[in-house]
Amino acid sequence: MKKVQGELDHHVGKERTVNESDLKNLVYLQAVIKVSLRLGPPTPLLALRESIEDCHIGGFHVPAGTHLAVNLWEIHHDPQLWAEPDKFQPERFIGSNVDVHGKHFQFIPFGSGRRICPGISFVLSIVHIVLARLFQGFDLQLLPADSFFYEDNPLGTGTILNVLLAPRLPQALIKETQERNSASLACERLYEFEREQREFLRIGCGLNPANSDLTSLYNRFKNLAKIEIVYSDWMSKLGKQLDDQGLLIISQLCPALTDLTLGFCTFITDVGVGHLASCTNLSTLKFNFTPRISGCGILSLVVGCKGLSSLHLLRCINVSSVEWLEYVGKLETQQELSIKNCRAIGEWDLAKLGFGWRRLRSLQFEVDANYRYMKVRGWVVALSLGSEVG
């Protein structure tokens with residue numbers, strides 16, 4: 001504890017409280033937390049796993065369906081992996097690249113691989129800042145310990161540590177930070193963590209007014225890569241829908257956007273679609289019943305978004321001109337194309353793709369029987385285009 005406090009006094013001092021930005025400099029504190037997680041992992045056994053096929057591990061035959069329990073406690077106390085495994089020695093982690101993220105199998109307090117604990121980043125950030133503020137603010141003195149026994153506790157017994165806390169910061173600074181309790185700190189960190197990590201957002205009728213609410217959301221979540229805006233249950237009493245101005249907001253505030261879905265957005269026109277042309281990272285775009293969009297809007301979009309590789313048009317009844325198909329074919333970037341119930345586009349219009357057909361991995365084309373063209377299946381279109389392009 002004295003070494004941690006000395007490190008805090010050196011890097012932070014006693015004139016202010018430690019902040020999250022200071023944690024990267026607190027190397028010894030990080031080592032203390034690592035050795036604590038090694039000696040006392042959150043759970044002695046990892047969650048059960050089940051083998052999906054027969055395999056051989058370390059000379060043992062493990063048949064399919066076997067339930068496997070990883071003895072985390074034994075791994076962390078194995079003398080073949082750790083010198084003096086029962087010794088509290090933070091120095092062993094200083095200068096070492098061994099971390100808690102499951103890359104080093106001798107130290108996996110949160111598991112490893114795809115099933116690693118999803119809350120690891122949040123938990124570690126909270127533990128570091130809470131302990132840093134505790135050691136900075138107080139001297140701790142152990143008093144005689146009491147033992148306890150819980151019949152319901154699978155571990156049976158434990159020890160209650162009686163600790164005497166003595167303030168080591170100026171009284172004025174302690175009073176200033178009294179209201180910063182652990183609950184408020186956790187909520188603040190959770191908010192920041194969500195803001196940094198959120199990449200997907202699905203919204204719809206709950207936004208009213210839509211444009212101003214969108215601005216607030218996009219200012220909060222700067223790393224959005226996928227957005228779905230769907231008004232499937234919209235009625236006029238629910239407020240105004242997203243319009244062309246809303247698409248302008250998206251194009252300006254979402255630089256990382258790669259996947260956009262617009263469903264039942266009846267107020268969006270070609271002007272709004274033109275705003276999306278500035279989203280240079282956009283690779284996937286889905287329109288579902290956007291009746292005011294025409295082929296001119298789609299053309300302006302594909303001219304700007306040259307990296308667009310997946311385009312879905314569902315019930316876009318006013319997309320009549322197909323110059324955009326010819327332009328997409330010349331780019332040869334389209335890998336997925338879906339056109340369903342767009343009454344003004346026929347199967348033979350797809351021939352305008354030209355050599356762009358070669359890049360397609362998936363094609364879906366159909367027209368409802370109530371529309372102008374007969375419903376055709378993808379393989380029929382493929383045969384037709386094969387003879388036409390060839």
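Note that these values count all heavy atoms, side chains included, but never hydrogens, waters or copies made by symmetry.
The neighbour count for Glu50 CD, taken as heavy atoms of other residues, nucleotides or ligands under 6.0 Å away, is above 12. Open room surrounds NE2 on His10; 12 or fewer heavy atoms of other groups in view lie less than 6.0 Å from it. Around CD1 of Ile52, the count of heavy atoms belonging to other residues, nucleotides or ligands within 6.0 Å does not exceed 12. Environment of NZ in Lys330: sparse, with no more than 12 heavy atoms of neighbouring residues, nucleotides or ligands closer than 6.0 Å.
Note on residues 287-303: pairs passing side-chain hydrogen bond (donor to acceptor under 3.5 Å, both in side chains), not counting sequence neighbours, are Asp270-Ser294.
In summary, of the residues considered (Leu224, Asn281, Thr284), a side chain to side chain contact (heavy atoms under 4.5 Å, CB included) with Asp259 occurs for Thr284 alone.
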Query raised in the report: So Leu350 and Trp357, side-chain contact (heavy atoms from CB on, under 4.5 Å) or not? Walk me through it.
Result: CA-CA 9 Å; Leu350 296 178; Trp357 172 262; 5.6 Å; no
Query - Intermediate values then yes/no, side-chain hydrogen bond (donor to acceptor under 3.5 Å, both in side chains), Glu228 and Thr261 - result: CA-CA 5 Å; Glu228 292 184 7; Thr261 298; 4.6 Å; no
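Closest of all the heavy-atom pairs between Arg133 and Val18 is NE-O, 3.1 Å.
Asp349 CG to Glu326 CD: the interatomic distance, rounded to the nearest 0.5 Å, is 11.5 Å. Atom NZ of Lys222 is separated from atom SG of Cys254 by 9.0 Å, given to the nearest 0.5 angstrom.
Judged purely by atom type and a 3.5 angstrom limit, Arg49 uses its side chain to pair as donor or acceptor with the backbone of Ala47. Proximity of a side-chain donor or acceptor of Asn318 to a complementary backbone N or O of Pro291 within less than 3.5 Å is detected. The closest donor-acceptor contact from the side chain of Gln5 to the backbone of Phe138 lies under 3.5 Å. A side-chain donor-acceptor contact under 3.5 Å links Thr258 to the backbone of Ala225. Between the side chain of Tyr231 and the main chain of Leu242, a donor-acceptor pair closer than 3.5 Å is present. Proximity of a side-chain donor or acceptor of Gln136 to a complementary backbone N or O of Leu8 within less than 3.5 Å is not detected. When atom types are taken as modelled, the side chain of Arg38 and the backbone of Pro85 share a donor-acceptor pair closer than 3.5 angstrom.
A tilted orientation is assigned to the rings of Trp82 and Phe93, their planes being inclined by 30° to 60°.
In this model, a donor atom of one side chain and an acceptor atom of the other lie less than 3.5 Å apart for Gln364 and Ser338.
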